[in-house]
Structures are given as C-alpha cells and as structure tokens.
Amino acid sequence: MLGMSTLTSAQVELQEQQPPPSTEPAVELPKERLTVDDMLQKYCGEFGPWQLKNFVLVNLSWTLEALHIMVVIFADHEPRWQCVEGVACDRAGKSVCELKPGSWEWVEGRRSSTVAQWGLICGDKYKVGLAQAMFFLGSMMGSAIFGYLSNSALGRKRTLALVSSLNATFGLLTAASPYYWTYVLLRFLTGISSGGNSVSTFVLATEPIGPTKRGVAGMSSFYFFSGGIAILSGMAYTFRPWRELYIASSIPSLVFLVAVLPFVSESPRWYLVRGKLDEAMKVMKSIAKCNGKHLPEGVILLLDQEAFNKDDRGPGHKHEEKGSFVVLIRSPITRIRLLLAMSISFVGAIAYYGLSLNVVNLKTNLYLSVLLNAVAETPAYTITAALLGRLGRKGIGVGTFWLSGGFCLIGSLLRSHGKWKVARMVCGIMGIFGMAGNYNFLFLYLEELFPTAVRNTAMGCATLAIQMGAVLAPFVVVLGGGLAFGVFAVCGLVGGSLVFFLPETVNKPLYDTMAGMELGQRTSPGGASRSAF
C-alpha cells in the first residue's frame, strides 16, 4: 500500500509539472480570401435586391441635387412686365430699360423672382449671372473638400449626410435673404455643400455593385437628376414666389436625411481600405443574405494589392491606405489619368451647361421648356446604357462627344433667322442629347479609372473641373449666334479626342489600392507593352 501511495504521489507531482492543456480553440486559416469584386461575383451576387435598394435610396440624393442647382432658372428669371394704366408707356418696347421709371410694373409683383425683388435689370443685369457663378465657384471648393473627407475617416455615408443637412440649411436661409449680397453669399455656401453631393452619391451607390453590372447601373444614376428637374418644374409652377420655391426645394433634403439615409449602408470598399475588415465583412454578409446567397464562414475579404502579393496574406492582416491628392499625383498612371479626366470634364461642362442655357433663349413657356428639356435627356441615358457593353467606355465617350460637337459645328454654320432658325434649334437639341449621354457616362468612367483609396479625391478634382466649365458656360452663351455654337463644337471635338488616350475599363476589376492597380496593369494580358495610362 505504501509503494502504491508513493507511486501515485509521483505521478501526481509529474502531472502538476506539466502545463495544462490549452483551452483556446485552434486558429484556422481562412479557406478563401477574395477581393470585393470576386466575392460579389462568386458568393454575394452582383446586383440583387440589396444593391437595388441601396442604389435607389442613395440616388434619391441626385434628385435633390437637381432642385438645389436648377432652382435659379425660376427664382432668378426675369418676369413679365406691363405698362401702368394712365401713364405714358410704349407697350411695344422690347425692354423696360427703354421706359421711364414708374411707367411700368411687374405683372406678378416683386415677390415673383429675385430680379423683380432687387431690380436686377439693365445696368444690374450682370448680378443675375454673378449669383450663378458664385454657386459654381462654391461647388468647386466643395468638390475638393468633400472629396477628401469622403475618402478620409468621415466616409461616404457620413459625408452624404453632412452635405444633405447643409443643403437644406443653406436653402432655407436663402429664402430669408434680406439683401442681394446675402443671397449671393448663401448661394455660394449652397454651392460648397452641393459640390460634395455628386462625389459621395455616385461612389456610394455603385461601389457595392459587381463589375459586370456596374456600368449599366452607373449610367442609370442620372435618371434621378433628370427626374429632379422635372419635379422642380412642377414645384415652381405651384410655388411662384421665389422665397416659397426655395423653401419647397430645400425641405426634401431634410426628409432624405431623416427618412432615407438611415437605411443606406456604408461602402464595404471604404471599410476595407480603412482597415475595418470586420465591418466590411458584415456588409458583404448582409448583401449575400438579402440576395438569397450563401457566404461561407471561411471566406473573407482582401485588398486587390494582397491578391497580387502572396506575402501579404494572413488571417490577422489589416491594411489601411489613405487617399490624398499627393498620393494621387505621385503615381505616373493616376497622374496622367487625372490630367486627362479633368480636361475632359472641363470641356464637357462648357458644352453641356452652355447648350442647356441656350434652351432658355427659345422664349417659350419657361415651365414647359424646362420639363421638355429634362424629358429630352432621358433617351440619351437609355441609349448610352444599352450600348455601353458593346462599344465600351472609350467608344461611348468618343461617340457622344463627337455627336454633340458635330451638330454644334453644323449649327454654327447656319443662320439664326427664317427656316434656318428651326434647323439650328434642332442642332442644339441634338447637341444636348449627345452631351447628356456623355455626362451620364463620365462619372462611371471616372470611378473605374481610379482605385478606391483615391477614387473620391480624383472624382472631386474632376468635379472641380466640371464646375470651372460651368462657371464659364454662361459667358459663352452671351456670345450668342454661331460663335457660341462654334465654341461648343470645339469642346465636343476636343473632348472626344482626349478620350482616346484613356484606357478601356469595361469588365475590368475595380481596384482598391494604388499598388493593386499598378500590379494589375503589369500582370494583365499585354501589360508589358502598355503605356503608362
């Protein structure tokens, strides 16, 4: 018994010296690591119910953007005037500037527009264009500011929430403007917030969509903008006083902020490049579940840079690449692409906004003209979306630019009176048709040219160029006649030529990082013989 007791004690002592068995579960390496595009295609679905809901909700912001931009067409228009009864007045006069003060009056009173409110006629007529120019100058600043913020820790969704709240606030304050210069200042501030809206909206709506569906979906975004213009026409017809119109066009932004935006998800690509893998995976699992797909537990996301660099792979790996203008221009590929993108955006904006303003010169019913203008752009969106897969991004870009430029060139050679006046009007409509399709396609192309890490910064710079073109467009319209059409023709032909120097991106992956894009360029078929573009 003593021996057995001794033996047992030794065994117990030996067991106490040995480390206890580990209770932690064994770490299993992930079975499969995929990029966002690969995961969408293989497991989650490229465009299912989740993407459709997200796409529609986010793009409602485009509808609101149209209200804030185009409201000046009605708020700043020159209303009808009439002679005062019992006072000597030439009713056949072409302008009130030819009449004696007090011999005429505004038909709908001073509350009908800012022109009537502050007497922006004759020598002060330039102030109408100044207010519009200040709006676009603000948009230039807003594009750069909010383009950076949406790439930073603020993210796409919170940036969109911020600009929506600012749009509503500045719009309501504009309605209460006591003086002209207060009005100009508030339009400038509205421009700043509006400049960030287009950058955040397009990216947030299209980034969760798979590569083969992204093109058509992206081209559909501008239906919402045209819809906003059509809604504004009816809104302006209902709310004739300019102050009431500003209130009516600003309130929907508050509704969007409170009732729509909470149901929108942040982009999984932004989460990924910011090193927030868990949040990115939650979004991907939500996409798969809503689309009726199954995402296996062993599958996780990786950056495209990791897909090319095998040494980066590992279960605990986290990567964060911060986008900035310096990073954007440091790479020769993105630097050249950015220069081309800004040049194309600049000439396209001059042609698009210039041709749109020329429609107002038809001197027809203002509300009906704006409505028909919005409706006329719709076929351009449909046709370009249908041809996108067949002609590619470059084909659509060159074709729409040259279509618009060609008709504008013909318009510049036609006379402005008699039967030729109708022909010139047709050339203008076809010019708008081409530029509307180009404008729709441009944001999609820009998104695919740059990786996620710097995408919003690049789009902010391109939007900055668009606003610069928009500021110059009214001055081109002032030239009038064939000269204005000639400038629009040059913009169309030059823009189409510049598109030739950009790469084709149809059905190509949407890169996440700068390194991933550069590696993809080198390893793609024919990459060794490619240019830096």
Side-chain angles (χ1 to χ4, degrees), residues 62-79 108 110-121 124-140 142 166-177 179-195 197-198 225-226 228-253 349 352-362 365-367 369-371 373-374 466-467 469-478:
W62 274 115
T63 303
L64 306 181
E65 182 72 2
L67 303 183
H68 294 291
I69 294 177
M70 300 300 182
V71 65
V72 293
I73 295 177
F74 303 99
D76 296 350
H77 81 285
E78 184 173 327
E108 299 180 7
R110 296 182 58 194
R111 298 172 61 248
S112 58
S113 77
T114 59
V115 172
Q117 182 83 60
W118 294 305
L120 307 181
I121 55 175
D124 287 335
K125 192 172 184 178
Y126 75 94
K127 291 183 178 180
V128 177
L130 178 61
Q132 184 65 20
M134 291 302 295
F135 173 88
F136 285 113
L137 286 174
S139 296
M140 291 168 58
L166 291 177
N167 275 338
T169 301
F170 293 143
L172 292 173
L173 290 175
T174 302
S177 300
Y179 309 107
Y180 166 77
W181 291 109
T182 308
Y183 175 78
V184 173
L185 174 62
L186 288 168
R187 284 301 292 169
F188 172 75
L189 294 176
T190 306
I192 293 178
S193 56
S194 295
N197 185 84
S198 58
F225 189 85
S226 295
I229 298 177
I231 292 172
L232 177 64
S233 180
M235 192 178 289
Y237 185 81
T238 304
F239 301 96
R240 298 297 181 92
W242 71 272
R243 295 184 188 276
E244 294 181 12
L245 180 59
Y246 267 105
I247 294 174
S249 61
S250 300
I251 290 178
S253 291
Y352 176 78
Y353 283 106
L355 288 167
S356 298
L357 290 174
N358 261 349
V359 177
V360 181
N361 294 330
L362 295 177
N365 182 284
L366 182 60
Y367 306 100
S369 297
V370 174
L371 176 61
N373 189 31
I466 290 174
Q467 306 304 341
V471 170
L472 292 178
F475 297 99
V476 177
V477 174
V478 171

Q: Look only at the side chain of Ser113 and the backbone of His77, and say whether a donor-acceptor pair between them is shorter than 3.5 Å.
A: yes
List the atom pairs, donor and acceptor, that lie under 3.5 Å between side-chain atoms in residues 230-241 and the rest of the protein, sequence neighbours left out.
unit_1: Ser233; atom_1: OG; unit_2: Tyr367; atom_2: O; d: 2.7
unit_1: Thr238; atom_1: OG1; unit_2: Gly234; atom_2: O; d: 2.9
unit_1: Arg240; atom_1: NE; unit_2: Tyr237; atom_2: O; d: 2.8

Q. Under the side-chain hydrogen bond (donor to acceptor under 3.5 Å, both in side chains) test, which residues partner Trp62, sequence neighbours left out?
A. Asn59
Q.
Show the nearest heavy-atom pair for residues Ser226 and Ala374, with the distance to one decimal.
A. O-CB, 3.6 Å
Q) To the nearest 0.5 Å, what is the distance between CG (Leu189) and OG1 (Thr174)? A) 8.0 Å
**Q.** Closest non-hydrogen atom pair between Ala116 and Pro79, with its separation
**A.** CB-CG, 4.0 Å
**Q.** Any Val72 side-chain heavy atom under 4.5 Å of Tyr246 side chain
**A.** yes
Q: Would you please name every residue forming a side-chain hydrogen bond (donor to acceptor under 3.5 Å, both in side chains) with Arg111, sequence neighbours left out?
A: Glu244
Q.
Using only atom types and a distance under 3.5 Å, with no angle test, would you say the side chain of Ser177 pairs donor to acceptor with the backbone of Tyr179?
A. no
Q.
With heavy-atom distances below 4.5 Å as the criterion, would you say the side chains of Arg187 and Asp76 are in contact?
A. no
Q: Could you grab the distance from atom CD of Gln132 to atom CG of Leu137, nearest 0.5 Å is fine?
A: 10.5 Å
Q: Check whether any side-chain heavy atom of Phe170 sits under 4.5 Å from a side-chain heavy atom of Ile192, and report yes or no.
A: no
(Q) If the condition is side chain to side chain contact (heavy atoms under 4.5 Å, CB included), which residues does Val184 pass it with, not counting sequence neighbours? (A) Ala131, Met134, Tyr180, Trp181
Q) With sequence neighbours excluded, what pairs up with Ile247 under the side chain to side chain contact (heavy atoms under 4.5 Å, CB included) test? A) Leu172, Ala175, Ile251
Q.
Would you say the ring centers of Trp118 and Tyr183 fall short of 6.0 Å from each other?
A. yes
**Q.** Those residues that, when tested against Arg110, pass salt bridge (charged side-chain N to carboxylate O under 4.0 Å, His left out) (two or more places apart)
**A.** none
Q) Who pairs with Glu108 by side-chain hydrogen bond (donor to acceptor under 3.5 Å, both in side chains), at least two apart in sequence or on another chain? A) none
(Q) I'd like to check the ring-ring contact (aromatic ring centres under 6.0 Å, His included) partners of Phe136; sequence neighbours left out, ordered by chain and number. (A) Tyr353
Pairs under 3.5 angstrom only: tabulate donor-acceptor contacts from the side chains of residues 63-70 to other protein residues two or more places apart or in another chain.
unit_1: Thr63; atom_1: OG1; unit_2: Phe224; atom_2: O; d: 3.0
unit_1: Glu65; atom_1: OE1; unit_2: Asn197; atom_2: ND2; d: 3.4
unit_1: His68; atom_1: NE2; unit_2: Ser253; atom_2: OG; d: 2.8

Q: Please identify each residue that fulfils ring-ring contact (aromatic ring centres under 6.0 Å, His included) with Phe135, with sequence neighbours left out.
A: none
Q: Please identify each residue that fulfils side-chain hydrogen bond (donor to acceptor under 3.5 Å, both in side chains) with Ser193, with sequence neighbours left out.
A: Asn167
